[in-house]
Each structure stands twice: as C-alpha cells, then as structure tokens.
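Naming convention: chains lettered A, B, ... in sequence-line order (proteins, then strands); numbering from 1 in each chain.
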2 protein chains.
Amino acid sequence: MKKSRTTITEIANQLGVSPSTVSRALNDHPAISKKTKKAVVKLARKLNYQPNLLALNLLKNKTNTIGVVVPEITSYFFSSVINGIQDMVNPLGVNMIISQSNESYEEEKNIIQTFTSIRVDGFLISPSSETKNFGHLKILTDNNIPLVIFDRDCEGIEVDKVFVDEYNGAFQAVEHLIQTGCKRVAHIAGQQTLSTARHRFKGYKDALSKHNIPVNEKYIVESCGFAPEHGIDPTKKLLALPNPPDAIFAINDGVAIGAMYVIKEAGIKIPEEISVIGFDDDPHSSFFKPSLSTVWQPTYEMGVLAARFLMKRINASNEILSFRIETLLPELVVRGSSR
Amino acid sequence: MKKSRTTITEIANQLGVSPSTVSRALNDHPAISKKTKKAVVKLARKLNYQPNLLALNLLKNKTNTIGVVVPEITSYFFSSVINGIQDMVNPLGVNMIISQSNESYEEEKNIIQTFTSIRVDGFLISPSSETKNFGHLKILTDNNIPLVIFDRDCEGIEVDKVFVDEYNGAFQAVEHLIQTGCKRVAHIAGQQTLSTARHRFKGYKDALSKHNIPVNEKYIVESCGFAPEHGIDPTKKLLALPNPPDAIFAINDGVAIGAMYVIKEAGIKIPEEISVIGFDDDPHSSFFKPSLSTVWQPTYEMGVLAARFLMKRINASNEILSFRIETLLPELVVRGSSR
DNA sequence: CTGTTAGCGCTTTCAG
DNA sequence: CTGAAAGCGCTAACAG
C-alpha cells in the first residue's frame, strides 16, 4: 500500500485555499499575504512536501539533468573527469546521468537515444574508440541539443570541445627521454582511431625528429587497450628485437605498468637499461618500484570546464554563441622509471 | 531558435486523426486499423518522433530511473559494482543516476533528497564512512521507496541487502599467512565505522585465535582511507616496532600497495621477511613486484544482484516481500607477496 | 476501429 | 491578494 506523496492540491484542500495560492506561497511569489504563506509553508513542512520535479520538468520542458557518456568508468582517468563534472554541476541543482559505451559504437548510439528520450538538457560526450561516424551526434546538434565533446575529438562536429594537449604531453615525455640519454625510444601506441592516441604518436615522432633521430618503425607497436595486460605483448615484442629499445613511451600508465612488469621479469634494469614513461598519472603509478614517470593530465579540470561550457550553452539556448575549443596543458612528472 | 520536438498531437493534426489514435498506433494497441497504423508510424519516423518520457513518467508516476549512491567512484571497487548495476538494469530500459557522497554524511543526505525529488523508482546505496545515523534512509522506507543497501551495512534498517562475506575473506587471508609460517601477523585496519572494516578485523582476530596466537594490540593500526598513501604511516609505525611483524594484512589493496612501498624502501624483502596481503584484487595488484596476494571480491556480481533485488522490489511495490540478505563469497588469491 | 474527455502535478495567465 | 482555467505530452476509460 503505497502512500502517495503529498501534492500541492492536498495542502490546498486541507487549508481551504486554491492550489495556485499554495504554489505562490511555496515559490516566494510577491502577491501573497504573509499569513497564508506562513500557514502553507508550515503545513508543507509538516506533510514533508516535496515538489514533483516530473511535473515541473514537463511544464518547463527542462530536466535539470545532463547526460554524460564515457567509454568506461573504471579507469582513473574518466572517473576523475566525472568528479569534476559532478562538482561543477551539483551546486547548480543539476544532476548528471552517466552511462558507459564500453568502447562500443552501438552502445553509444543507444545511450544517446535513451538520454534524448529522457530529455536531458544537454550532453557531455567522450566517444568510444569504435566511433568513426558521427551521425548520432549530428542529430543532437541538428535538434539544437547542447553538446560538449571532451578528451577525444570528433572531427567535423562543430560544438564546444575540451581537450588536453596530448601532442605537447607526448613531446615533453619523449624529449625528456632523449635528453636523459636514450637513443632508441620506442612507443607503445594506442588505437589510432582515437584522436588522443594519434596526437601522442605525432608528439613522439616530432620529438624524435627535432633531435634528429630517425623514426624507426620497428620501435612502434600498437596496444589494443589501456590496461596493464595490454602492455604485455607489445613490450615482449620490443624486447625481442635484435637491437631492443633503451626507452619506452607508453600510451598510458596502465600499459606502462604492464611494460615495466615484463621488463623487470626479464631481469632488465629500469631505468639503467630501459627508461619507461607513461601518461595519465594514475594514483598507483608513484608506488611502483621504480615509481613511474608519466605525464599528468588535468582530468578534474577538464570535467569542470566541459561542464561549465555545457551549462553555458544550456542557459543560452537561443543566443548564438561561437564554438569554443579549449586545450588544457599536461605536465611532465619525472620519477624513478626514467633518468 | 529551438525547434521543438515532434509531439503526438502534431502527428495527429498532420494526419487528420486524434492524438489517441496516434498513441494507439505507436503503442501496438490491438484496436487500430493496419492502414492508419502504417501511416502514423511512417510519419512518426519521418518527423523523428521520440516519445516524451517526461510526460509518460508524470502519468505513470514512475521514472524508470534508479538512484545509485556510492562513497566514491574513482576506486576500482565501486566502479566495477556500478558496471554490474548498469549491465543488469539497462536491458530493462532502466537508467541509473549516480552520485558520490565523498564519504560525507551531509552530502549523502542531500543526494538522497534530490533523488527523491526527481522521483527515482528506487535506491541503491552504499553509505559513507561518516554515516552513523540512518534517519535519511528511514524516510525512504517509511515512504515505501524501494531501497537496497550493498557492501556497507546499516544496522537497524530493514531492507534488502547484498554483502561480501568480509569476515570469511579476512579469515582466509590471515589463516593463509599463519599457515605459511608467519608468527607476527599485523593488521592495518580500516575505519571502524564501516561494517566491512569491522568484519575484516574480526576475521583477523578469529583466525589468530584459532591458531592460538594471542592478539597483540601493537600489531593493529588503523588507516584513515583506502589509497596507497594511507598505507604509508601505519606501515612505518609497524616497522618501527621493537619486534616488527612478519606479515601484514591490509584492509585493502590500496593500503597494501602503500605498505609494500614502505617495506621495499626500507630494504626489507617481501615475502621472505614480511608477507603482505590486501583485499579487493585491484587490477593493478598483480603487476607489482612482488605481485600482491589479496582477497578477490565479487564486485560486479554484487552490483548485478543488488540491482536485481531492487528491480524486484520496484516491480512488486504493493506486494509484501520479506527482506533478503545475500552474502557473496570472496576468494583468496595467493601471489608473490606471501609465501 | 476511432474520437472525446479527463487527468498525472504543477505554474501561469486572466479575472476578480 | 486569491481563485478559476488552461495547458505541458501523453494515456486510458468511455462512448460511439
């Protein structure tokens, strides 16, 4: 027997006034007598009245809810971006509803579809690694549904975007390796569908070029994911080379950790014989032995900024704002796995 | 200029029929002619009609949304529970809205309050470490809002609950240490407000007792969190003891990783001189050197089961179901940090 | 098979 | 200052 929650009409009846009066009392409307207002507020509290946001949303055609779509939530990277989003958005009375695409294009499409039906006020999206076709995002922009893309780019879609300067981070990392004396710098690259992976790759190549080191195809292997186990095989391949590398720049910390594991297992010394550097600054990374050098990314800030962009769009839905692209700077963190 | 989305009335007008006819056509109602149905469906598709769930929700007084409240999202533990929840619930057309309490009682209260206003169909809650008073949960049960508690218990609240058998896991871990020859097993305990931490502590003590080892207060220190840095000071304290332990059972993998770091830094060999064991089986744990022995918890399964319980309650809101408490079994994972 | 009506809970004109 | 009425988009009961 579900006791239905108190409504405005109920309060009105009990007080012998009209619902509109109650509404006015509860919403600090000026045209209301102190006396009735007081009575209404008192009874509302007593009955534990809570406005039905469903009704309000329908009326206002606004849900105060934003949809966040990420490839996955278990990585430190995305969960801390989400932290930033939540901290930005909650004080504004806005809720977020999160879903994971699990790096699947189909799932991503479905999520966007459901979120649209739910009538979220806007989207914050980091596309899956499978996503090459942006029709599902185009539908959003065509329907004037605010959308901000973060971390991973969708070229051709014109919306606000927030990125980290991956190129710069990779460049710094590789230059650091070169400057500490490494001659044969390998790269465990990420899936090249991802803009982030491509930019890091380019940073790697350009850093080598700047220092007149030819790019050696043999020293470039691709991992198929971001977890430590995805670093295993690529590293084995590199170590099996006739002239193995003396440094590895891994696409991220997860893969770098897998790489370090293989290297240590092989009895090779880090950083004396091989330097290793990752990307992300996962909180675990400083506790390995040696501690992992890496590139810190402003993940939390990215979340905050992306959310800020989105809220601005939502609150200015009929003004014409030019699109903003913000690129945040990463920072090199030198620790024990490089010299 | 925001082009408002297609409504059922719009379709009705364009086709010269009534809204109810359109509704019927779109909902596979039996009482409808093939011809009109076809026409409606066609036009709906053409206009890219999407039902307004807001209206539907108001009508049905049901949102098909569940609220998930966790202490934090950045740990592997909770994010993989969330994975389980999402995978259980999405195929049912149910969405989840997540919020983090950041281990704060106040935030937890606020979240529950907002989620209630949003009219989520039910709650999945793992309380914060600060939460000692359960009034905010009582309000939910008093109002017949379905609620399932998972991982961390709230004693006195009668609802469906899903736990891991922490006692058993801790017992297994400590017994394993004893059986591999450790004589002075220390425990880095978690905050004792948490049922999970208390149960692990008890498992620790009982395992010692079973093997006739007296519980030595000196070997018990409390950490104030679950990250590697929270393992640092407790471990230093233990190592500084006149007769330091030869084994450490840490409250979780994070803390154990911090402990291993300190131990290795001190030049002490793991596991020869000190064994270390954690709890959680964080994906990073097997990549440390030595790899961390730990207790695996069925996190994903916990999420699935908790979600299943909740959905059952939601779909049976006016039947009387007795409360279910399920306790899942953890598994000892022996790796390199213990003998 | 189809249209009319009412109503989910709330706010907002428009009249008093 | 307050009440009546309309309507957000949709479905369901009731007529035809």
Side-chain angles (χ1 to χ4, degrees), chain A residues 2-41 43-44 47-65 93 116-121 143 317, chain B residues 2-41 43-44 47-65 93 116-121 143 317:
Chain A
K2 188 150 178 166
K3 166 175 61 179
S4 84
R5 276 114 119 192
T6 316
T7 72
I8 221 171
T9 331
E10 232 172 283
I11 300 181
N13 289 340
Q14 290 200 28
L15 251 43
V17 297
S18 80
S20 18
T21 303
V22 176
S23 167
R24 282 189 273 254
L26 260 20
N27 292 296
D28 294 320
H29 191 99
I32 184 108
S33 80
K34 282 232 157 124
K35 213 177 88 191
T36 45
K37 180 166 176 176
K38 218 166 160 180
V40 168
V41 170
L43 183 59
L47 296 178
N48 189 26
Y49 169 76
Q50 283 190 294
N52 187 333
L53 291 190
L54 251 41
L56 233 38
N57 289 343
L58 178 58
L59 201 61
K60 301 251 170 78
N61 200 31
K62 196 165 185 306
T63 52
N64 290 313
T65 301
T116 311
S117 276
I118 294 178
R119 297 296 204 264
V120 295
D121 293 340
N143 285 54
S317 56
Chain B
K2 188 152 181 166
K3 165 176 57 176
S4 84
R5 276 114 120 192
T6 317
T7 72
I8 221 171
T9 330
E10 231 172 283
I11 300 182
N13 288 342
Q14 289 201 29
L15 250 43
V17 296
S18 81
S20 20
T21 303
V22 176
S23 168
R24 281 190 273 256
L26 260 19
N27 291 297
D28 294 321
H29 192 98
I32 184 109
S33 80
K34 282 232 158 120
K35 214 177 90 190
T36 44
K37 180 165 175 177
K38 216 164 160 182
V40 168
V41 170
L43 184 59
L47 296 177
N48 189 26
Y49 168 77
Q50 284 190 292
N52 187 334
L53 291 190
L54 252 41
L56 232 38
N57 289 344
L58 178 58
L59 199 62
K60 301 252 171 78
N61 200 31
K62 197 166 185 308
T63 51
N64 289 313
T65 300
T116 310
S117 276
I118 294 177
R119 298 293 203 267
V120 295
D121 293 341
N143 283 55
S317 56

As a test of reading the structure: which of C:dC10, D:dC8, D:dA4 is closest to the side chain of A:Y49, going by heavy atoms?
C:dC10

Between A:I32 and A:A25, which heavy-atom pair has the shortest distance, and what is it?
CD1-N, 3.9 Å

CG of B:N61 versus P of D:dA12: gap in Å, rounded?
14 Å

Determine whether any donor atom in the side chain of B:S23 lies under 3.5 Å from an acceptor atom in the base of D:dA12, or the reverse, and answer yes or no.
no

Where the side chain of A:R24 is defined as all heavy atoms beyond and including C-beta, which of D:dA12, D:dC10, C:dT13 is the nearest nucleotide?
C:dT13

Rounded off to whole Å, could you give me the CG-to-C1' distance for the A:N52 and D:dC8 pair?
13 Å

Looking at B:N52 and B:L54, would you say the former's side chain and the latter's main chain have a donor-acceptor pair under 3.5 Å?
yes

Between B:I11 and B:L47, does a side-chain contact (heavy atoms from CB on, under 4.5 Å) hold up when you go through it step by step?
CA-CA 8 Å; B:I11 300 182; B:L47 296 177; 4.2 Å; yes

Starting from P on D:dA6, measure out to CG on A:L58 and report it in whole angstrom.
18 Å

Specify the separation, in whole Å, of atom CG of B:L59 and atom C1' of C:dA6.
11 Å

Whole angstrom value for the distance that separates P of C:dT11 from CG of A:L54:
13 Å

Using a 4.0 Å heavy-atom cut-off, does A:I8 contact any base of the nucleic acid, only the sugar-phosphate backbone, or nothing at all?
sugar-phosphate

Check: B:T116 and A:Q50 side chains under 4.5 Å, non-hydrogen atoms:
yes

Under 4.0 Å from any atom of DNA chain C, heavy atoms only: list the residues of residues 25-37 of chain B that qualify, in numerical order.
B:A31, B:I32, B:S33, B:T36

Value in whole Å for how far the P atom of C:dG9 lies from CG of A:N13:
12 Å

Spacing between A:L53 atom CG and C:dC8 atom P, to the nearest angstrom
18 Å

Whole angstrom is fine here: how far is it from CD1 in B:I11 over to P in D:dT11?
11 Å

Selection from C:dG3, D:dG9, C:dT12 that lies nearest to any side-chain heavy atom of A:K60
C:dT12

Report the distance from atom NZ of A:K62 to atom CG of A:L53, rounding to the nearest 0.5 Å.
12.0 Å

When you check the phosphate oxygens OP1 and OP2 of D:dG3, does a side-chain N or O of A:T21 lie under 4.0 Å from one of them?
yes

Let's see if you can work this out: which of C:dC10, D:dG9, D:dT11 has an atom nearest to the side-chain heavy atoms of A:A55?
C:dC10

Looking only at heavy atoms, which two atoms of B:L26 and B:A44 are closest? And how far apart?
CD1-CB, 4.2 Å

So A:Q14 and A:L43, do their side chains get closer than 4.5 Å, heavy atoms only?
yes

Side chain of B:V17 (C-beta onward), nearest among C:dG3, D:dG7, D:dG3:
C:dG3

